[in-house]
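Below you'll find the structure, written out as structure tokens, and then a few comments.
Index from 1, following the sequence. Computed from a prediction, not measured in an experiment: that's the story for all the values here. Computation of the quantities below employed the complete heavy-atom set of this structure, encompassing side-chain atoms and omitting hydrogens, waters and symmetry-equivalent molecules.
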Amino acid sequence: MGSTQGIGHTGTVLAAVDISPREAEVLELIGAHLSNAEIGARLCISVRTVESHVSSLLRKLDVPDRRALAQRAPEPAADAAPSHRAPVLPSLLTSFIGRADERAELAELIRTHRQVTAAGPGGVGKTRLALAVAAQAAGEYSDGVWFVDLVPVTDPGMVATAVAGALGLGEQPGRDMTESVAAALADRHALLVLDNCEQVADGVALFLERLLAACPRVTVLATSRARLMVPFERVYAVPPLSLPTDGGSDAVTLFMERAAAVGWPLDPGLRDQIAAICERLDGMALAIELAAARYPTLGLDGITAALSHPLRMLTGGSRADQRHRSVRAALDWSHALLEPADRALLRRVSVFAAPFTAGAAAEVTGDEEGLVIDGLARLAEQSLLVVSASPGGTEYRALETIRQYGTERLTEAGELAGIRSRHLRWCLAKAAGLAVVREDWRARFDLVANDLRAALAWAADQPELRAEAYDLARHLAGLAFTRNLVGESQRRHEQAAALADDPASAAQALRHASVVAGCRMRGDDMFRLRRAAADAARRSGDTAGAAADLAAVATATFRFATTFVRLPAPGEVLALMDEARELAGDDPAALAAVATAEAGWTLHAAVTGGQVLGDAATDGQALGDAVTGGQALGDTATDGQTLGGTARGGALLGDVVGAGRGESDDSAPETIARAERAVQLTHRTGDPLAESTALDVLTGALSWAGDTYAAAATTQRRITLLTSAPTTPATTHELIEALGEAAEASLGSGDLPAARQWARRLAEHPLLAEVGHRATNWLLVTDALAGNADQVVAGSVRFLDAWHRAGSPAQSYLGRAMAAVAMIHGLRDDHDARREWQEVLTQLGTLPGHAYGYGAIFDAMLLLHRGQAAEALERMAPEPRQVWKWVTWIWHHWYVALRTEAAVLAGNPGARDSLTEARTIVAGNPVAGAIVERAAALLDGDEQALLATANAFETAGCRYQSARTMVLAGGDHAERGLAVLAELGVAPMAPHRRRV
């Protein structure tokens, strides 16, 4: 792609900036104040792709935030329309006729009521009226108008997924899709149009109750054949088109325009004949359009004669029922005029839930594709099908009323089961073909996804097709996971388990469902489903498999504790471990799983000082009610994380295990030995997932014992293992966790290049695309410690946008990234931005990690940069030994090194003693070691040794500290150092009292 030179019409000069055409489009929409989700929907790209373009624009245009970026956006041309946010509505292929009064009435209703349902029989024109009103009202909604077509949705549980797709949103781990949509719209002033709600009315009602409660500025306009029965609903009964009066007739106008559109304009003198036809059709828009489509071949007299014949209709009923019958009359009449082959084609393609191609229709109907193409064209000419162009070729679809009519005809012809079975086989073939992911995979999946769901919904109720339904559920579960529809993936695995013919297959499906629940951060579901898998395995006679399942359940309770709403009681978990041990027998895999669980619980007991799991855990809640010193482990230790914090952005199990260092020396070797034994046993089984779990426990044991470097090496070993394993939900879950651990461990050992490598992989992982605050967490921390200010500022945009879209959750583990960004703004002398980020940080509450861990590190770095060494020393007043239980292993070396430098620069009398001790503690850490050696050189006045540390920092990937060293050296070195700081986006350093 080329670059755009000089974007805009108002003299905004961007000629020196290499901006791609796509970035130019994104920039323009940012200037129109669209959100990332809205930009994604407008440009048909993912939210994650939009975020990447925004970060790139921030870097290229050298601006600090999204607001500044919007100011650099091009202004519209002088002759352009006002820059109201364009509605995200489907384009109408034909003009909208009349209904002036209806439009005014419905527009007034959506101004004064939060939820309006345009109700009426099929074919009355509900959808077109709603679209016209929505387009007219677009300028009144600052955050846009959005249209959601629910016709292809056959599962009430998929309503929120359909809405999220229209909004350009994906599922956020830890939330269901409704919560993700509600979070994205929580503070938005928007109009949401939900079309064709009747077939999933129950799902729409549940969705709207939650949405309207969480989004006070969102208005919903729904179309349905019946009211939705939700709070705040106001029903607007859509009338038929106006019939002839002295003031004219919308019905007649519609007929005449549609006839003219096919090349047969009508003389105004024929209005009376047309009026008679429209009266016979009760002013129903669909019926009139069908009749007008027949005018070129029948003429008005032919249409009148046809409508005069008795039609298959019921008798009696209300006016609404008569309107239904008028559409049925028109459909019966249009159907009767078709050739037999076209009638068969119409009823058979009604099985498709979504737009379909001629090739797909040929496969399902069993007819020759050439004949099908001709037939589809004839049906489209008669307004029985709608034709549209797509990247995949020409697509056809039937309006919902016609599709339902076709389904009835299928039943009458005795073909329903046969055609649905062919459709099911076609869906199975499509699902199998999607198993190989290539560049156009997403588009191909989206094209058939609703058909897969519809086929599964039908087949699941057919006892003779249970095996096919099981296969389709299993396929759809995997495809949904690949598409990042993780909630649906879990449901489909559970559905597959319910459809399985044997308990062994059910057990496997339940294991998959449990793993996917873990990816969703649903600990309670993980526990429930894995226990169900154990029960199914036992029924199948697989006692070893049941033992492994029970051991996995026990392991999950401490590995992923923060993902539980209610942790199981300790006695329940211990009983599961006992049962697993009894069932394992001499099976190697089962014994390895039990060994891992026992090692993990040994670690847990050591870390918590003998405490057991508490009754519940949420973000930052303790695994036990108390630990050493009577403090709650999750509430006070380190980052406010629990042993299960690994699931939240990759926090290491050992992130909290420093609390007992020096107090449990006897148990540390035993704990490590148990974990190493578990690793050996799992390695022998050849199961990379089992070995990864054991390595996770070993990492926690090593970090708890204070062996930073061994912990880092173990995390890297784990990533190597998982990278070579086949990609499955289970390996994905383990890999995301392992990447976070590896980034954390690398920071603890001072390996910044490795930390950035792992953090970057985590930030780019597709499963975290919708939770950018979790995805970028470690990357922001890594770049902040390295002093890469520009990269931190660019990345913070994605972090903050995603955090707001997620509802600004007060999750304690996010504090380290927020503190890192605040520190960087301080280094840039951007006091307003720093204040804003500090205010964001306060929303998380009082965090021990901010007081004693990362907060002390980032504050000290900023104070030292400003020349306030005494204040930095005061900020880290406690001796390292005193604060070990508060400063986790990841921050320990950084704390010791920076505290030592502060003592030297502040002229503290004990500085030399601090140097001696610090050298021992940080030995082997390239960055912390260089900080300590720099402090020693400053204390001794050794310029050569000082400059040597500048090279050491450069080699370690820490350009900020290298530049800082040059400035501290003074003279020409200082000028070079200041130049590097400017290149990094950092303000000049303030002078220190002590100089070489």
Side-chain angles (χ1 to χ4, degrees), residues 25-51 53-54 66-67 69-70 73-76 80-92 103 106-107 109-116 118 127-150 159-170 172 177-178 180-195 204 207-208 211-212 214-223 770 797 801-802 804-807:
E25 292 177 314
V26 171
L27 180 61
E28 182 177 357
L29 295 176
I30 289 172
H33 306 291
L34 270 67
S35 70
N36 285 354
E38 292 166 328
I39 294 172
R42 185 73 57 80
L43 300 180
C44 298
I45 56 179
S46 70
V47 173
R48 178 68 185 91
T49 301
V50 177
E51 291 170 345
H53 288 314
V54 172
R66 193 184 186 94
R67 289 173 303 194
L69 201 57
E75 295 182 7
S83 59
H84 290 306
R85 198 169 289 199
V88 183
L89 299 173
S91 299
L92 296 177
R103 278 186 287 175
L106 189 53
L109 283 177
I110 64 174
R111 289 190 191 97
T112 55
H113 295 83
R114 296 193 57 209
Q115 200 277 304
V116 178
T127 297
R128 293 179 67 91
L129 176 62
L131 286 172
V133 170
Q136 176 182 314
E140 302 176 24
Y141 295 90
S142 57
D143 290 305
V145 175
W146 303 86
F147 179 84
V148 185
D149 182 9
L150 295 179
V159 170
T161 300
V163 176
L167 294 174
L169 301 173
Q172 298 176 354
M177 200 64 92
T178 299
S180 295
V181 172
L185 297 177
D187 59 349
R188 300 301 178 89
H189 183 214
L191 174 64
L192 187 64
V193 182
L194 301 182
D195 190 38
V204 172
F207 170 77
L208 288 183
L211 181 76
L212 294 172
C215 307
R217 302 179 67 215
V218 169
T219 297
V220 176
L221 172 58
T223 73
E770 300 298 330
V797 175
D801 180 69
H804 284 315
R805 283 195 293 111

**Message:** Restricting to salt bridge (charged side-chain N to carboxylate O under 4.0 Å, His left out), what partner residues turn up for R103, sequence neighbours left out?
**Reply:** none
**Asked** Does V220 reach the side chain of I110, with side-chain heavy atoms less than 4.5 Å apart?
**Response** no
**Any donor-acceptor pair under 3.5 Å from R217 side chain to A190 backbone** = no
**Asked** Could you give the distance from CD (Q136) to CG (L131), rounded to the nearest 0.5 Å?
**Response** 12.5 Å
**D143 side chain vs H189 backbone, donor-acceptor pair below 3.5 Å** = yes
**Request:** Give the minimum heavy-atom separation between A130 and T223, together with the two atoms involved.
**Result:** CB-CG2, 3.7 Å
**Item:** Minimum heavy-atom distance A214-P216, with the two atoms named
**Value:** O-CD, 3.4 Å
**Request:** Let me know which of L212, L211, T219 forms a side chain to side chain contact (heavy atoms under 4.5 Å, CB included) with C215.
**Result:** L211
**Message:** Quick check for you: to the nearest 0.5 Å, what is the distance between L167 atom CG and L185 atom CG?
**Reply:** 5.5 Å
**Message:** Set out, in order, the CA-CA distance, both residues' side-chain angles and the distance that settles side-chain contact (heavy atoms from CB on, under 4.5 Å) for V193 and W146, then state yes or no.
**Reply:** CA-CA 6 Å; V193 182; W146 303 86; over 6 Å; no
**Message:** If I compare all heavy atoms of V145 with all of A138, which pair ends up nearest, and what's the gap?
**Reply:** CG2-CA, 3.6 Å
**Request:** Check the pair L150, D195 against side-chain contact (heavy atoms from CB on, under 4.5 Å), reporting the backbone distance first and the verdict last.
**Result:** CA-CA 6 Å; L150 295 179; D195 190 38; over 6 Å; no
**Request:** Could you check V116, L192, L109 and say which one makes a side chain to side chain contact (heavy atoms under 4.5 Å, CB included) with L221?
**Result:** V116
